[in-house]
Amino acid sequence: MICTIYSHQSGFDAIKEIIVSNFPEGNILISKEEESDIIDLEIKDGISNSTQKIKVLYRERAEPSYQIPEINDSALTANLKGLYGFVYSLPTVNEKVKNLFLQKIQTLNSEFTIIQEEGEIANLKTIIANIANELDAVLFVQPDVVISKSSGQHFLDKNLDLIIDTEGNCEIEELDVRINSVYFDADQNELSEDQQLRKEKNEKIVEENAIKINRNLPCIESEEETTLRTPKEIAQRVSALAVVNLVAFNSISPQEATEYLQNYNLWDFTTENEKEFLANPTDDKKANESWKCEGIWVLMWALNKIETLDFPDEFCDLENIDPDNYPVGQDKDPNIFIDSIVSIRSKSEILDANDLYYRFNWACVDERINGREIEGINPGIVYERQYALNWLINYMDQDWDSVSCDT
């Protein structure tokens, strides 16, 4: 495989013409296999009597748009969600470009993989560059191929310049994120009333607190499109999280936490990352895990165990939660708490909070990208609360260890 090319543009016939026009002397065979359209190109050199063969596998999203939908409407949609998570996890020397790339991944509608099956195509790098430029594409590239820019897997822009690799290297300062107006206008016309009102209300809150607003940020999912975590699922998650958090604050040992989780049948609801933490809770890991008290605060709010999230300028204090309402404690069976939970806050309340923290986090990221420290809110608190809120609304179907807080 030489590379996989991703584009906002879609439509097999149109993209086929772009590809084929760059191989004018090739014999073309079109076929189909499951969700992929296949182009087989055979080029014969009359002088050397050699043959070169290229295979192109094409697929697109079931419903082209400017955002990845929550549901997996196609194999490509599922792949793009994974791609987003992979890029999100990468280190970077240029946070701004990485953030733009994450935005661009949301807009991608088509994918085609170029495989060189036989021989070497002359001017292949130029041909790929022409295709990428015409489609305003991004490319996923393996090392040691004709267009490689890194010794590991990496991504290139339409000019074949490095966006990011697995070590976080980057050689560009800007990345265009373009949206076909047809998709944008169509989706905007379909916005529900609750989406529009939620956006307007939260922009006023952001503005009243003298925090920068991005009025181009889209609406989050509507109430109709959202499926919340179940009351029992939330209660199980906050119970396991609360035990792990005690280790982060040195209240109990990792061995005591592990025994507690196992004795009360919570081990299955403890994530792989949490289990790794309990196996080796270094000081750095404890510092990172201690931030999850903000996630506990959000989940307890969702369970109606505290009245308000409060403004994200001061850390929450779990000691302020009535011990009778807290899921865990010495000689306390968390299953009593879990079994008592039969309802949660309304979908509207949770989405209101999710949308607000989405806008708060955008402002935090924007300040960081521009080398400034945001005033009025704490970026760490904002991030952890958005993390928990995204989990609550099943954002991109991600489990607790994989939640993304894109802006």
Side-chain angles (χ1 to χ4, degrees), residues 66-68 70 81 84-85 87-92 94-107 175 177 195 198-222 226 228-229 288-299 301-302 308-316 349-407:
Y66 70 99
Q67 273 190 317
I68 300 174
E70 290 296 299
K81 289 181 180 180
Y84 186 101
V87 172
Y88 186 86
S89 70
L90 294 178
T92 182
N94 192 323
E95 193 73 33
K96 176 183 176 182
V97 168
K98 177 180 173 179
N99 190 50
L100 287 169
F101 186 31
L102 288 170
Q103 293 178 37
K104 195 172 184 74
I105 291 172
Q106 294 268 35
T107 74
L175 183 68
V177 182
Q195 285 177 294
R198 183 172 293 113
K199 182 176 186 288
E200 291 169 6
K201 178 177 68 175
N202 284 332
E203 284 182 341
K204 287 181 181 178
I205 294 173
V206 174
E207 189 171 29
E208 287 168 359
N209 285 280
I211 296 168
K212 187 176 179 180
I213 298 175
N214 179 356
R215 298 195 185 277
N216 293 319
L217 276 184
C219 296
I220 64 168
E221 289 70 26
S222 68
T226 301
L228 298 178
R229 303 279 177 176
N288 289 331
E289 192 65 31
S290 69
W291 279 96
K292 294 301 177 188
C293 62
E294 296 295 338
I296 294 172
W297 190 257
V298 168
L299 299 185
W301 169 82
T308 177
L309 289 179
D310 296 325
F311 197 72
D313 57 346
E314 293 185 4
F315 296 102
C316 69
E349 286 180 281
I350 292 173
L351 285 173
D352 282 352
N354 182 260
D355 180 86
L356 178 60
Y357 276 83
Y358 170 51
R359 298 180 195 286
F360 280 156
N361 196 29
W362 178 88
C364 293
V365 171
D366 182 71
E367 291 295 278
R368 186 172 73 248
I369 288 172
N370 289 288
R372 299 186 294 264
E373 186 173 337
I374 195 165
E375 298 180 358
I377 54 177
N378 184 303
I381 296 173
V382 168
Y383 176 85
E384 295 297 338
R385 291 186 182 181
Q386 189 196 10
Y387 190 103
L389 288 162
N390 278 355
W391 181 82
L392 282 171
I393 67 167
N394 278 292
Y395 181 64
M396 292 180 70
D397 295 324
Q398 295 167 333
D399 60 28
W400 182 265
D401 282 346
S402 306
V403 175
S404 56
C405 295
D406 51 289
T407 56

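Checked against side-chain contact (heavy atoms from CB on, under 4.5 Å), Glu294 has the following partners two or more places apart in sequence or in another chain: Phe315, Cys316, Ile381, Glu384, Arg385. Residues that satisfy the side-chain hydrogen bond (donor to acceptor under 3.5 Å, both in side chains) test with Glu207, not counting sequence neighbours, are absent from this structure.
The CG atom of Asn390 lies 9.5 Å from the OH atom of Tyr383; values are rounded to the nearest 0.5 Å. Distance check, rounded to the nearest 0.5 Å: CG of Asn94 to NZ of Lys98 gives 11.0 Å. With values rounded to the nearest 0.5 angstrom, Asp313 atom CG is found 12.5 Å from Glu375 atom CD. Atom CD of Gln398 is separated from atom CH2 of Trp391 by 13.0 Å, given to the nearest 0.5 angstrom.
Here the shortest heavy-atom pairing between Leu309 and Ala353 reads CD1-CB, 4.1 Å. Across all non-hydrogen atoms, the minimal contact from Ala302 to Leu392 is CB-CD1, 3.8 Å. Here the shortest heavy-atom pairing between Asp310 and Thr308 reads OD1-CG2, 3.0 Å. Taking every heavy atom of both residues into account, Thr92 and Glu95 meet most closely at CG2-OE1, 3.6 Å. Pairing each heavy atom of Lys81 with each of Asp397, the nearest pair is NZ-OD2, 3.6 Å. Heavy atoms only, all atoms of each residue included: Ile377 and Val382 are closest at CD1-CG2, 4.0 Å.
At least one donor-acceptor pair closer than 3.5 Å links the side chain of Tyr387 to the backbone N or O of Trp400. The closest donor-acceptor contact from the side chain of Asn209 to the backbone of Ile211 lies at 3.5 Å or more, if one exists at all. The backbone N or O of Arg215 sits less than 3.5 Å from a side-chain atom of Lys199, completing a donor-acceptor pair. Remark: side-chain polar atoms of Asn202 are paired, donor with acceptor, to backbone N or O of Asp352 under 3.5 angstrom.
Proximity of Pro312 to Phe360: side-chain heavy atoms (C-beta onward) are separated by under 4.5 Å at one or more points. Counting heavy atoms from C-beta outward, Asp366 and Arg372 have side chains that approach closer than 4.5 Å. No side-chain heavy atom of Asn361 sits under 4.5 Å from any side-chain heavy atom of Tyr357. A 4.5 Å side-chain heavy-atom check between Arg198 and Ile220 finds at least one atom pair inside the cut-off. When side chains are defined from C-beta on, Asn354 does not count as touching Tyr395, because their heavy atoms never get closer than 4.5 Å. Within the 4.5 Å cutoff, no side-chain heavy atoms of Ile393 are placed close to those of Leu389.
With salt bridges taken as basic N to acidic carboxylate O contacts below 4.0 Å, none links Lys204 and Glu208. Under the 4.0 Å criterion applied to side-chain N and carboxylate O atoms, Lys212 and Glu367 are not assigned as salt-bridge partners.
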Open item on the list: Test side chain to side chain donor-acceptor pair (under 3.5 Å) on Arg229 and Asn394; report intermediate values, then the result.
Closed with: CA-CA 7 Å; Arg229 303 279 177 176; Asn394 278 292; 3.3 Å; yes
Open item on the list: Could you go through Ile350 and Trp301, starting from their C-alpha distance and side-chain angles, then the distance that decides it, and tell me whether this counts as side-chain contact (heavy atoms from CB on, under 4.5 Å)?
Closed with: CA-CA 9 Å; Ile350 292 173; Trp301 169 82; 4.1 Å; yes
